[in-house]
Amino acid sequence: MEVRIDHVIISVSSGDITAWKGDLIVNASNSGLYGGGGVDGALHRAGGPQIAAECAAIRQKQGGVMPGEAALTSAGRLPNLGIIHTVGPIWKGGGAGETATLARCYISSLDLACARGARSIAFPNISTGIYNFPRQLACETALSAVVNYVRGAEPDKLPLNNITFICFEQENARLYGETLKTYI
Ligand code: APR
């Protein structure tokens, strides 16, 4: 399932994000950038100890990453250009600005990707695992943040031409596919 906006293709697929071969992979990390479980654990395992070492250097330099923000490391032994570590909100019922923070994760990651001159980027379904964000709302928030970002950018200043959402769970793949269709 994909949608084209100007020169950018936004797509949805199922699977393991560690096997994706494009430029930048986004990780759903934590404020301390300590490797955890879920997609974070999978990326640290696949990329090797170099990623944790670079996360420790970021922690030392700036004390970590706030929810909604993002930081870039290499991809270790993975073939990608790098990994963007963003920190999703922990779902606390919806009254603590969780939706706005989740949207900022996508925007901060796209800003970093553009600054790096990346052509392609893959997102997991940030916050919908251990951080317990409701799937449907997370999906609507993610897609609207990304689509609005692309629509609002000047085409010749946007190096990205491929933005993909990689869904590990079938339920998310279905939700993302159906919601993306509404942008055709
Ligand atoms: N590829 C793609 N998606 C994955 C993978 C994978 N290999 N493994 C898990 N996922 C999916 C989950 O199914 C979920 O939809 O990533 C989404 C986000 O889930 P989590 O990884 O649990 O991330 P999050 O909910 O943002 O919680 C972040 O968990 O691992 C810790 O250090 C991390 O403390 C942080 C917290």
Side-chain angles (χ1 to χ4, degrees), residues 1 10-49 51-56 58-59 63-73 75-80 82-94 96-110 112 120-143 145-146 162-180:
M1 176 59 212
I10 300 176
S11 61
V12 172
S13 61
S14 309
D16 179 351
I17 207 167
T18 65
W20 182 77
K21 298 288 186 276
D23 285 351
L24 295 177
I25 297 179
V26 178
N27 179 24
S29 191
N30 52 70
S31 289
L33 299 188
Y34 295 104
V39 67
D40 192 12
L43 281 166
H44 276 272
R45 276 193 303 280
I51 297 174
E54 290 179 43
C55 285
I58 293 168
R59 201 160 51 236
V65 173
M66 294 291 285
E69 293 180 358
L72 180 66
T73 67
R77 59 182 175 234
L78 283 170
N80 316 82
I83 294 179
I84 292 176
H85 303 264
T86 190
V87 182
I90 299 171
W91 181 257
K92 292 178 179 155
E98 294 95 321
T99 304
T101 304
L102 184 63
R104 282 212 316 280
C105 289
Y106 288 90
I107 293 163
S108 307
S109 298
L110 291 168
L112 260 186
S120 58
I121 184 169
F123 285 102
N125 307 135
I126 300 162
S127 281
T128 64
I130 293 162
Y131 282 180
N132 217 22
F133 202 106
R135 289 192 184 95
Q136 168 97 41
L137 182 58
C139 169
E140 288 163 6
T141 304
L143 284 175
V146 168
N162 202 303
I163 302 173
T164 190
F165 293 91
I166 301 193
C167 304
F168 199 59
E169 297 164 34
Q170 277 311 311
E171 172 64 4
N172 273 331
R174 187 189 63 74
L175 270 175
Y176 271 73
E178 283 182 6
T179 308
L180 190 58

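Just follow the structure's listing: the first ligand is 1, and inside any ligand the first atom is 1.
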Enquirer: Looking at every heavy atom in both Ile10 and Leu180, which two are closest together, and how far apart are they?
Expert: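 Of all heavy-atom pairs spanning Ile10 and Leu180, the closest is O-CD2, 3.6 Å.
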Enquirer: Against ligand 1, does Gly88 come closer than 4.0 Å with any heavy atom?
Expert: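 Not so, Gly88 does not reach ligand 1.
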Enquirer: Does Phe168 reach ligand 1 with a nitrogen or oxygen that is under 3.5 Å from one of the ligand's nitrogen or oxygen atoms?
Expert: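 By distance alone, the answer is no.
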Enquirer: Just wondering, do Leu43 and Ile51 contact through their side chains at under 4.5 Å, heavy atoms?
Expert: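 In short, these two side chains do not touch, never coming nearer than 4.5 Å.
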Enquirer: Give me the atom names and distance for the closest heavy-atom approach of Gly22 to Ser120.
Expert: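 Looks like CA-OG, 3.5 Å.
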Enquirer: Of all the atoms in ligand 1, which lie at a distance below 4.0 Å from a heavy atom belonging to Gly36?
Expert: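 Ligand 1 atoms under the 4.0 Å threshold to Gly36: 30 (O), 32 (O).
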Enquirer: Nearest heavy-atom pair of Lys21 and Asn80: which atoms, and what distance?
Expert: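 Distance-wise, the nearest heavy atoms are C-ND2, 3.7 Å.
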Enquirer: Which atoms form the tightest heavy-atom contact between Val12 and Gly177, and what is the distance?
Expert: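 Shortest heavy-atom separation between Val12 and Gly177 comes out as CG1-N, 4.2 Å.
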Enquirer: Which bit of Cys167 is near ligand 1, meaning a heavy atom under 4.0 Å away: side chain, backbone, both or neither?
Expert: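 Neither; nothing of Cys167 gets under 4.0 Å from ligand 1.
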Enquirer: Which atom names give the shortest non-hydrogen contact between Ile107 and Ala145, and what distance separates them?
Expert: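 Looking at all heavy atoms of both residues, the shortest contact is CG1-CB, 4.5 Å.
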Enquirer: Could you tell me the residue and atom name of the protein heavy atom closest to atom 34 (O) of ligand 1, and the distance to it rounded to 0.1 Å?
Expert: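 Its nearest protein heavy-atom neighbour is Tyr131 OH, 3.2 Å.
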Enquirer: Please determine if Thr18 has a nitrogen or oxygen closer than 3.5 Å to a nitrogen or oxygen of ligand 1.
Expert: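 No, there is no polar N/O contact under 3.5 Å.
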Enquirer: Taking only heavy atoms of Ala42, which atoms of ligand 1 are found under 4.0 Å from at least one of them?
Expert: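 Once the distances to Ala42 are compared, the set is 7 (N).
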Enquirer: Under 4.0 Å from a heavy atom of Glu169: give me the atoms of ligand 1 that qualify, with their elements.
Expert: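 In order of numbering, the contacting atoms are 12 (C), 13 (O), 14 (C), 15 (O).
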Enquirer: What protein heavy atom sits nearest atom 29 (O) of ligand 1, and how far off is it?
Expert: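 Among all protein heavy atoms, the one nearest atom 29 (O) of ligand 1 is Ile130 CD1, 3.3 Å.
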Enquirer: Taking N or O atoms only and a 3.5 Å limit, does Ala28 qualify as a polar contact for ligand 1?
Expert: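 N/O-N/O distance under 3.5 Å: no.
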Enquirer: Using a 3.5 Å cut-off on N or O atoms only, is Ile17 in polar contact with ligand 1?
Expert: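 Yes, at least one N or O pair falls under 3.5 Å.
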Enquirer: Is there any N or O on Ile166 that sits under 3.5 Å from an N or O of ligand 1?
Expert: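 No, no N or O pair falls under 3.5 Å.
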Enquirer: Which residues pass the ring-ring contact (aromatic ring centres under 6.0 Å, His included) test with Phe123, not counting sequence neighbours?
Expert: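 Counting only residues at least two positions away or on another chain, Phe123 forms a ring-ring contact (aromatic ring centres under 6.0 Å, His included) with Tyr106, Phe165.
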Enquirer: Going by the salt bridge (charged side-chain N to carboxylate O under 4.0 Å, His left out) test, which pairs reach into residues 28-46, not counting sequence neighbours?
Expert: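 For residues 28-46, and leaving out neighbouring residues, there are no salt bridge (charged side-chain N to carboxylate O under 4.0 Å, His left out) pairs at all.
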Enquirer: Can you name the atoms of ligand 1, numbered from 1 with element, that are less than 4.0 Å from a heavy atom of Asn172?
Expert: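 Once the distances to Asn172 are compared, the set is 15 (O).
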Enquirer: Do you know the tightest heavy-atom contact between Val26 and Ile126?
Expert: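 Looks like CG1-CD1, 4.3 Å.
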Enquirer: With heavy-atom distances below 4.5 Å as the criterion, would you say the side chains of Arg59 and Tyr34 are in contact?
Expert: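 They are in contact (side-chain heavy atoms under 4.5 Å apart), so the answer is yes.
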Enquirer: Among all protein heavy atoms, pick the one closest to atom 21 (O) of ligand 1 and tell me residue, atom and distance.
Expert: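 Result: Val39 N, 2.8 Å.
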Enquirer: Determine whether Phe168 and Val39 make a side-chain contact, defined as any pair of heavy atoms from C-beta on separated by less than 4.5 Å.
Expert: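 Side-chain contact under 4.5 Å: no.
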Enquirer: Is there a polar contact, in the sense of an N or O pair closer than 3.5 Å, between Gly37 and ligand 1?
Expert: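 Yes: some nitrogen or oxygen of Gly37 is under 3.5 Å from one in ligand 1.
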Enquirer: Would you say ligand 1 has an N or O under 3.5 Å from any N or O of Asp16?
Expert: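 Yes, Asp16 has an N/O under 3.5 Å of an N/O on ligand 1.
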Enquirer: Measure from atom 24 (P) of ligand 1 to every heavy atom in Ala138, Ser127, Pro89 and give the option owning the shortest one.
Expert: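 Selected option, by shortest heavy-atom distance: Ser127.
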Enquirer: Would Asn30 count as being in polar contact with ligand 1, using the rule that some N or O on each side must be under 3.5 angstrom apart?
Expert: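 Min N/O separation from ligand 1 is below 3.5 Å for Asn30.
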Enquirer: Which ligand 1 atoms are under 4.0 Å away from a heavy-atom of Gly38?
Expert: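 Near Gly38, meaning under 4.0 Å from one of its heavy atoms, ligand 1 has 8 (N), 9 (C), 21 (O), 30 (O).
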Enquirer: Could you check if a side-chain atom of Cys55 sits within less than 4.5 angstrom of a side-chain atom of His44, using non-hydrogen atoms only?
Expert: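 Yes, close enough: below the 4.5 Å cut-off.
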